[in-house]
Amino acid sequence: MAPGIVLVVGKYLLIILIYVFVIIVFRALMTDVAAAAPQLRQRELPQPANRVAQPRPITRVAHARPCLVVVRSTVLAAGQRLPLGDSVSIGRRPENAIVLDDRYVSSRHALILVRDDRYFLQDYNSTNGTFVNGQPISDDVEIHGGDEIAVGSTVFRFIEGS
Amino acid sequence: MSLIPDARRVELSLLVFSALIGALAFVLSCLAGGEPVAHATRVMAVVGALIVAALLMDLLDDRRDHLLLPLVSVLCCLGVTILWRLGDPGTGQHVAASKQVIWILLGTALMLMTYYGLDDVRSLGRLKYAAGILAVVLLGMTMLWGIEKNGARLWLSLFNFVTFQPTELAKLLMAVFLAGYIADRGELLRRTSASRLGLPTVELRYAAPLLLMVFFCLAIFVLQRDLGAAALFLGLFIAMMYLATGRKGYGVVGIAVFIVGALVAAAVFPHVGDRISIWLNPWADPTGKGYQPLQALFALAAGGVTGSGLGLGMADLIPVAHSDFIFAAVAEELGLLGSIAVLLLYTLISFRAYQIAWSATDRFGALLAAALATIFALQSIIVIGGVLRLIPVTGMTLPFLSYGGTSIVCNFIALGLLMVVARDWMPAGRRPES
C-alpha cells in the first residue's frame with residue numbers, strides 16, 4: 001500500500017465528507033425553517049397600534065372588530081380569528097367561550113373583560129399561568145393591540161378594533 | 001422545536017457521521033506523521049461523550065434541538081486533530097490535544113448540568129443584574145490582578161492553581177444580562193423622545209443601566225488593551241438594541257463609535273497601535289511583530305484550494321497556531337475548500353441558534369438565544385477576519401476549535417443554554433393538568 005496515494009485520496013475524501021455533512025445539516029435546518037414559515041408570516045401581520053398612524057386602508061374594515069388571532073397552537077388552526085364580545089372565558093372545559101383542549105390549560109384558565117372599550121386579561125389561578133408578551137400575569141392587566149397572549153401551547157395575538 | 005418526527009434518529013446518525021469525519025481526519029494526520037493510528041481514540045472519546053450526552057438529554061425531554069451537537073462535534077474533532085498534529089510548541093509532545101479532549105469532556109458534562117439544572121430559562125432571567133455585575137467584577141479583577149500574556153491582560157489565576165480567561169465567562173454573563181434587561185424593558189426602550197438635535201433618541205432613564213454596564217465593560221477592555229473582546233461586546237450590545245427596538249440606526253452609530261474608539265485606543269495605547277500598523281503593513285517588521293500574520297498568510301497561500309493534507313503542511317511554524325491562529329492551520333492543511341467548510345459549520349451553528357431564538361415564545365429565552373447566536377457569529381468573524389488580514393489581529397479563541405479550557409467549557413455551557421431555550425418553547429411549564 002503506497003501511503004502517498006492513501007494520503008491524497010484521504011485528503012479529498014475528508015473534504016467531500018465534510019461537505020456532505022454540511023449539506024445534510026443545512027437541509028435539515030431548512031426543513032425546520034419551512035415548517036416555521038407560516039407562523040412567522042402570522043407574527044408579522046398585525047402591527048402594534050401606536051405604529052399605525054396613517055389612515056387604515058379599506059381592506060382593513062373586515063378586521064375592524066376586536067379579535068384574537070391564533071399565532072400558533074396545537075389545538076387551534078394558526079391564523080384563525082376569534083371575535084371578542086363583552087367578556088370571553090378561555091379554558092379546557094366546553095362551557096368556555098374559547099375552548100382549548102390542551103393538557104396544559106386549566107378547566108377555567110383566563111378571562112378577557114371589556115370595560116369602556118378597554119380590554120383586560122385576568123388569570124383564574126391556572127396551573128400553568130397566562131402570559132402576556134412572555135411575562136406571566138398575576139393581577140388583571142390591560143391588553144393592547146399587538147400583544148401576544150399565551151395560554152398553554154396556544155399563542156394569540158390581540159387585535160384592537162378601529 | 002423539532003419539527004422532524006425522527007429528529008432523534010437524525011441526530012444520532014449525524015453524530016456517527018461526525019465520528020467518521022473525525023476518525024478519517026485523525027488517522028490521516030497519524031499516517032502523515034508516521035505515528036500509530038491508535039491515537040485516534042482521542043476523537044472517538046469526544047464523539048462518544050457527545051453521543052452519551054445526547055442520549056442522556058433524551059431521557060429528560062423529546063423536544064430537543066437535534067442539529068447543534070453534530071455541528072459542534074465536527075468542529076471539536078477537527079480541533080483535536082489539528083492540536084494533535086501541531087504538537088506542543090517546543091516539545092513536540094501531544095499534551096495540548098489530550099488536555100483539549102479533557103476540556104471537551106468537562107464542557108459536555110457542564111452542558112448536561114445546564115440542561116438538567118435549568119428547568120425554566122426564565123429563572124435565569126431573574127438573575128440578570130447579578131450576571132451583569134459579576135461580569136463587570138470579573139473583568140475588573142482581571143484588570144487589577146490579571147496575568148499578562150502577549151501584551152494583553154486576559155488571564156486570571158485562581159489560588160495560583162487554575163488560570164482562566166474571564167472574557168469567555170463574561171460574554172455569557174453579559175448575554176444573560178442584556179437578554180434579561182431587554183426582555184423586561186424592551187417596550188420602554190422602544191419609546192422615544194425628541195432630543196435637542198431633533199432626532200428621536202431613547203429615553204435615557206430606561207437605557208441608563210444598560211449603557212452603564214456596557215460602558216464599564218468597554219472601558220475595562222480598552223484598559224486591558226483587548227480590542228477583540230471590545231468589538232465582540234459592542235457588537236453584541238448593538239445587535240441586542242436592534243432586536244429590542246427594530247431601529248437600524250444603532251448599527252451605524254455603533255460602528256461609528258467603534259471606529260472612533262479604536263482610533264483613540266490606537267493613539268493612546270502602543271499595543272493597539274502596533275496591531276493596527278502590523279495589519280496595514282506586516283512587511284515593515286517581517287521577522288518581529290509582523291512574523292505571526294505573515295506566517296499565517298504564507299500558510300493560507302501554501303494551502304491552495306485543496307490543502308496540503310493533514311500533517312503534511314508546515315502549520316507548526318505559525319506562532320500560537322493552536323489557539324488564536326488555528327484557522328491558518330486549517331486553511332493550510334485543508335485548503336480553501338476545507339476552510340470554507342469550517343466557515344459553513346460556524347454559519348450553520350449561528351443560523352440554528354437564531355432559529356431557536358425566533359421559535360421561542362418566551363421573550364427572555366428568545367433574546368438569550370439571539371445573544372448567544374450573535375456571540376458565536378461575531379467571535380468567529382473577528383478571529384477568522386484577523387487571520388485573513390481583513391481586520392487587525394485580536395487575541396480571541398475560535399469557538400470549539402481553538403485550544404483553551406475556559407473557551408471550550410463556556411461555549412459548551414452556551415450550547416446547553418441554547419438547548420434549554422429550544423426545549424422551553426412552550427410558555428407553560430411541563431406540568432400537565434390532571
Side-chain angles (χ1 to χ4, degrees), chain A residues 1 3-4 6-26 28-36 39-40 43 48 50-51 71-72 74 91-92 102-107 109 126-131 133-136 144 148-155, chain B residues 1-4 7 10 13-14 17-18 20-21 24-25 27-28 31-32 34 66-67 70-71 74 78 122 183-184 186-187 190 306-312 333-335 337-338 340-342 344-345 348 351-352 355 358-366 426-434:
Chain A
M1 177 171 81
V6 174
L7 291 178
V8 171
V9 172
K11 181 177 95 173
Y12 289 108
L13 188 61
L14 179 64
I15 290 174
I16 292 168
L17 280 184
I18 300 178
Y19 274 93
V20 170
F21 180 87
V22 164
I23 290 166
I24 293 175
V25 174
F26 180 71
L29 236 157
M30 293 316 284
T31 317
D32 279 6
V33 173
Q39 297 175 3
L40 288 176
R43 272 195 197 189
N50 54 359
R51 284 282 186 85
V71 177
R72 64 189 155 272
T74 55
R92 193 161 41 91
D102 178 340
R103 288 192 303 146
Y104 299 98
V105 173
S106 301
S107 28
H109 198 107
S126 62
T127 311
N128 288 309
T130 304
F131 296 78
N133 296 327
Q135 301 293 320
H144 307 279
E148 280 196 351
I149 300 165
V151 176
S153 71
T154 304
V155 178
Chain B
M1 184 71 232
S2 298
L3 299 153
I4 304 171
V10 171
S13 335
L14 282 172
F17 195 168
S18 77
L20 199 67
I21 293 173
L24 177 62
V27 165
L28 282 175
L31 287 177
H66 63 295
L67 297 175
L71 285 167
V74 173
L78 287 178
R122 282 188 298 260
D184 263 12
E187 295 294 333
R190 211 170 294 148
T306 59
S308 61
L310 280 163
L312 297 172
E333 311 221 318
L334 297 175
L337 289 173
I340 290 176
V342 168
L344 287 174
L345 291 172
L348 289 176
F351 188 2
R352 184 60 172 178
Q355 197 184 352
W358 83 55
S359 307
T361 47
D362 166 57
R363 186 187 293 208
F364 171 72
M426 267 181 31
R430 286 182 306 284
R431 285 178 295 164
E433 191 72 27
S434 63

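Naming: A, B, ... by sequence-line order, numbering from 1 per chain.
Atom CG of B/Leu24 sits about 13.0 Å away from atom NZ of A/Lys11, to the nearest 0.5 Å. B/Arg352 CZ to A/Leu29 CG: the interatomic distance, rounded to the nearest 0.5 Å, is 5.5 Å.
Each of B/Val10, B/Leu345, B/Leu14 was scored for a side-chain contact (heavy atoms from CB on, under 4.5 Å) with A/Val25, with one residue passing: B/Leu14.
B/Thr306 and A/Ile15 make their closest contact through O-CD1, 3.6 Å (heavy atoms, listed as atom of the first residue, atom of the second, distance).
Per-residue counts of heavy-atom pairs under 4.5 Å with chain A were compared for B/Gly311, B/Ala341, B/Ser308, B/Gly309; the largest is that of B/Ala341. For the options B/Gly338, B/Gly335, B/Ala366, B/Pro70, heavy-atom pairs under 4.5 Å to chain A are most numerous at B/Pro70.
The side-chain contact (heavy atoms from CB on, under 4.5 Å) search around B/Ile21 returns A/Leu14, A/Leu17, A/Ile18, A/Phe21, B/Phe17, B/Val74, not counting sequence neighbours. For the side-chain contact (heavy atoms from CB on, under 4.5 Å) test, residues two or more places apart in sequence or in another chain that qualify with B/Ile340 are A/Tyr19, B/Leu336, B/Leu344.
Of the atoms belonging to B/Leu71, heavy atoms from both backbone and side chain fall under 4.5 Å from chain A. At a 4.5 Å heavy-atom cutoff, the contact between B/Leu310 and chain A is made by side-chain atoms alone.
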